[in-house]
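Here the structure is a predicted model, which is why all the values come from computation and not from measurement.
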Amino acid sequence: MFPYLDATFHSSDKLPTINQPNITHIPSPLSSLHLFTQHLCSVASTTNTTMRRHRHPERRREISYPLLFVWCTLLLAIPPVHPFLLPLHFTSASPTTISSTPTKTSNIVSPRGPLRSHLPPTLESLVTDTLDADRKIIIVTGGVLSGIGKGVTASSIGVLFRAMGYRVTALKIDPYLNVDAGTMSPFEHGEVFVLDDGGETDLDLGNYERFLSVSLTKDSNLSTGKIYQSVIERERIGEYLGKTVQVVPHISDAIQEWVLKVAKTPVSRFTTATGESDADKEEPPEVCIVELGGTLGDIESMPFVEALRQLQENLGYKNLCFVHVSLVPVLGDPPEQKTKPTQHSVKQMMQMGLRPDFLCCRGSAALEPSSVSKLSLFTSVPKGAIVSLHDVSNIYRVPLMMMEQNVHAMLMHRLRMDPYERGVDYSMAEDDGTIENSQVIRDWKKLADSVDEPESECVIAVVGKYVDHGDAYLSVVKALTHSAIATKQRLRIEWIEASSLNPDNDSEIADTANSWELLKKCDGVVVPGGFGSRGMEGKISTIQYCRQNKVPFLGICLGMQAAVIEYCRNVVGIKKAHSAEFFDDLVKDEEDAVIFMPEGDRERMGGTMRLGARETLLKEDSIARRLYGKDKVMERHRHRYEVNPALVPKLEKAGLTFVGRNTDESGERMEVCELSEESHPYFVAAQFHPEYTSRPEMPNPLFLGLLQACKKNISSSAN
């Protein structure tokens with residue numbers, strides 16, 4: 001009745017090319033029916049696999065079996081050359097076998113997700129590796145306005161996965177055209193966060209490292225400048241073989257490759273005992289959290305949005321999900337939560353081809369049930385997956401708040417991670433209670449409670465150049481906070497503009513008097529890093545006050561250089577001592593207390609400083625050695641100028657000891673200086689940036705020493 005046909009089905013999003021059947025054998029009707037039924041069952045199975053990529057796989061899967069029944073019924077009555085059979089691609093075969101092996105040019109739907117032959121080899125290899133490793137990607141986007149809390153949300157999700165025992169990494173996407181953040185003004189962009197490998201990155205990477213207790217790499221910060229630079233370099237060497245290089249597919253493919261490479265790159269973790277990276281650093285991550293900077297709808301982020309849309313298609317529904325952070329403001333009298341901004345934000349997100357699986361709503365108060373219902377109705381996000389991220393007493397309560405709303409269990413279910421129960425909507429997933437008993441969550445609860453239950457208060461003055469922009473010194477604030485938590489003190493920071501402390505600032509005498517009055521009320525002082533001459537004399541005067549009045553002091557980078565200049569002027573007697581950064585007519589090796597590093601580059605600005613983690617050797621019996629508890633430490637640097645080694649003997653003879661020196665080939669770089677505890681309760685300065693390696697559960701020793709000295713002084717004064 002039916003000719004024997006070898007039917008090989010090419011499962012793809014489009015119908016395959018139709019070839020005419022080649023009849024080679026005429027078997028019995030029952031044999032033909034049996035063979036076709038076998039083949040159609042395999043087709044239905046393949047169709048099921050394809051349907052799993054749909055957002056509601058349980059609904060779509062049901063259509064394949066009725067379709068199979070209809071096909072079988074019609075096959076009994078319609079000749080094999082009928083157009084209804086066109087979706088099948090026929091080739092000749094032997095009378096005894098049916099080949100199910102696809103040709104090399106066909107598209108294959110893997111049980112783990114689709115593998116498309118149109119992908120470039122590098123991207124296809126990365127997709128395959130991600131699927132084989134069962135690695136999960138979580139994309140965090142933001143709407144309505146910038147600075148809404150995407151970084152904290154992404155970091156908090158990472159804490160939850162840490163608590164469940166997964167290795168986590170993170171990637172921040174910044175749509176600006178700068179190659180990195182190194183040349184950006186702190187007034188515009190906040191601080192530049194420096195990584196171990198010397199990467200100058202966005203401050204959100206500091207949040208990731210502090211929350212995840214990992215050491216990321218410079219590739220963990222992707223900007224438009226970086227991706228365009230890499231694609232143009234590939235075009236210049238002929239990698240695209242003469243093709244017209246376009247945003248799609250070349251830029252979008254390059255973005256996907258970058259994301260998947262970062263997702264598989266091992267990151268080292270910090271241990272609470274020593275602060276050193278542990279042995280797990282060679283293990284690839286299991287979860288990668290990607291934050292898309294800016295606000296959805298920004299014109300500069302469009303290539304990244306398209307790339308992320310394609311990435312979900314390539315990885316499949318179960319391997320990538322979207323978390324959208326939006327705003328639900330409270331307006332009117334009586335106050336009412338307004339969901340319209342979030343509705344429009346999600347609508348715009350859908351127009352760009354993305355659909356949120358989770359909706360995290362920022363606001364001053366917890367979401368009301370009516371607001372949740374309205375958001376679910378207009379955004380199609382299940383009620384259980386709408387998360388309230390309202391204001392809390394401290395930032396460390398955010399992961400706990402997300403845990404209480406079962407975010408971890410929903411994420412696990414949505415990404416098909418164990419335990420996964422088939423047939424249950426991810427928003428209805430139940431917590432088995434194991435995460436709450438994990439060591440990470442127990443430590444995090446203690447941390448959050450310690451912030452809210454201090455024993456005393458400590459006031460620290462931060463004397464700097466960029467104090468009008470709090471994010472310019474974000475890591476300094478976090479490091480002080482970590483140490484305040486460890487010493488059970490409530491931290492209060494007084495921001496003082498360094499130029500207002502300049503004794504020669506005759507034009508603003510009133511501001512100068514107020515600033516000095518404020519400074520004298522503080523328990524300790526931090527002079528952080530910076531660039532430029534503005535405020536330098538104010539910093540030097542501040543350090544002189546701290547030294548003479550025995551106020552605990554910590555100098556960082558430029559703060560250490562200012563401390564050396566102050567000591568040269570007021571103790572050693574070199575009245576014209578200054579930095580070669582600001583004056584080029586200083587007497588060599590006499591007045592130039594701070595000099596330009598020989599290997600520095602005066603022409604190019606970006607990436608030419610002494611950057612990244614460098615080893616420092618600490619002297620025996622020094623304050624720094626006692627605080628660190630070891631003789632060698634790795635800390636991160638970012639500077640072009642250094643203390644002049646020619647003046648070190650004079651300074652040490654006068655009492656300023658350089659207890660930390662580098663272990664480079666020169667052995668001449670001064671890293672840490674201090675006054676003895678007999679002459680001052682705490683006077684320490686470092687050329688490196690200790691704030692970059694401070695963690696909530698492991699404060700940096702130099703900041704911890706400052707807060708301990710402040711608490712000791714406060715206790716002595718009270719008695």
Side-chain angles (χ1 to χ4, degrees), residues 10-14 49-50 52-53 102-139 141 169-175 217-266 284-292 301-322 352-354 415:
H10 292 203
S11 57
S12 63
D13 291 339
K14 298 180 181 179
T49 303
T50 307
R52 290 191 190 107
R53 292 185 287 123
T103 62
K104 291 184 179 180
T105 59
S106 67
N107 295 325
I108 307 167
V109 176
S110 163
R112 294 183 180 274
L115 299 180
R116 292 189 170 88
S117 61
H118 69 263
L119 296 179
T122 303
L123 179 55
E124 184 173 4
S125 173
L126 288 167
V127 169
T128 302
D129 177 78
T130 302
L131 298 176
D132 290 343
D134 204 21
R135 194 173 296 118
K136 308 300 182 181
I137 311 288
I138 300 169
I139 311 294
T141 61
T169 190
L171 168 65
K172 172 68 186 296
I173 296 176
D174 284 307
T217 68
K218 59 185 176 184
D219 288 339
S220 299
N221 193 190
L222 174 61
S223 68
T224 300
K226 273 186 182 178
I227 205 70
Y228 273 79
Q229 186 182 56
S230 68
V231 170
I232 290 171
E233 286 175 356
R234 290 157 77 172
E235 186 273 336
R236 290 289 81 191
I237 63 175
E239 188 170 324
Y240 296 114
L241 301 177
K243 293 182 180 178
T244 302
V245 180
Q246 298 174 295
V247 174
V248 179
H250 301 102
I251 295 293
S252 58
D253 284 350
I255 293 169
Q256 294 179 72
E257 290 174 12
W258 196 295
V259 171
L260 296 179
K261 284 177 182 177
V262 171
K264 66 180 289 187
T265 302
E286 298 163 297
V287 177
C288 179
I289 301 169
V290 180
E291 177 192 347
L292 177 59
S301 65
M302 290 303 182
F304 295 101
V305 172
E306 172 60 20
L308 295 175
R309 184 196 66 78
Q310 294 178 19
L311 186 61
Q312 186 172 45
E313 289 295 314
N314 292 329
L315 292 181
Y317 174 75
K318 71 172 187 175
N319 296 306
L320 185 148
C321 73
F322 287 92
M352 292 185 286
L354 308 182
L415 294 170

What are the two closest non-hydrogen atoms of V248 and Q310, and how far apart are they? CG1-NE2, 3.8 Å
Excluding sequence neighbours, so at least two apart, what forms side-chain contact (heavy atoms from CB on, under 4.5 Å) with M302? M352
Residues at least two apart in sequence or cross-chain that pass salt bridge (Lys or Arg N to Asp or Glu O under 4.0 Å) with K264, listed by chain then number, are D129
For E235, enumerate each residue passing the salt bridge (Lys or Arg N to Asp or Glu O under 4.0 Å) test, keeping only those at least two apart in sequence or located in another chain. none
Applying ring pair (Phe, Tyr, Trp, His ring centres under 6.0 Å), can you list everything that pairs with Y240, at least two apart in sequence or on another chain? H250
Which heavy atom of K136 sits nearest to which heavy atom of N319, and what is that distance? NZ-OD1, 3.0 Å
Kindly indicate whether the side chain of Y228, heavy atoms from C-beta on, has any atom under 4.5 Å from the side chain of V247. yes
Walk me through it: do N221 and K172 pass the test side-chain hydrogen bond (donor to acceptor under 3.5 Å, both in side chains)? CA-CA 5 Å; N221 193 190; K172 172 68 186 296; over 6 Å; no
Here the salt bridge (charged side-chain N to carboxylate O under 4.0 Å, His left out) pairs for residues 244-263, sequence neighbours left out, are R234-E257
Under the salt bridge (Lys or Arg N to Asp or Glu O under 4.0 Å) rule, collect the residues that match up with R309, sequence neighbours excluded. E306
Taking all non-hydrogen atoms of both residues, which atom of L320 and which atom of L415 are closest, and how far apart? N-CD2, 3.8 Å
Going by heavy atoms in the side chains, are L171 and D219 under 4.5 Å from each other? no
Counting only heavy atoms from other residues, nucleotides and ligands, does the tally under 6.0 Å from NZ of K226 exceed 12? yes
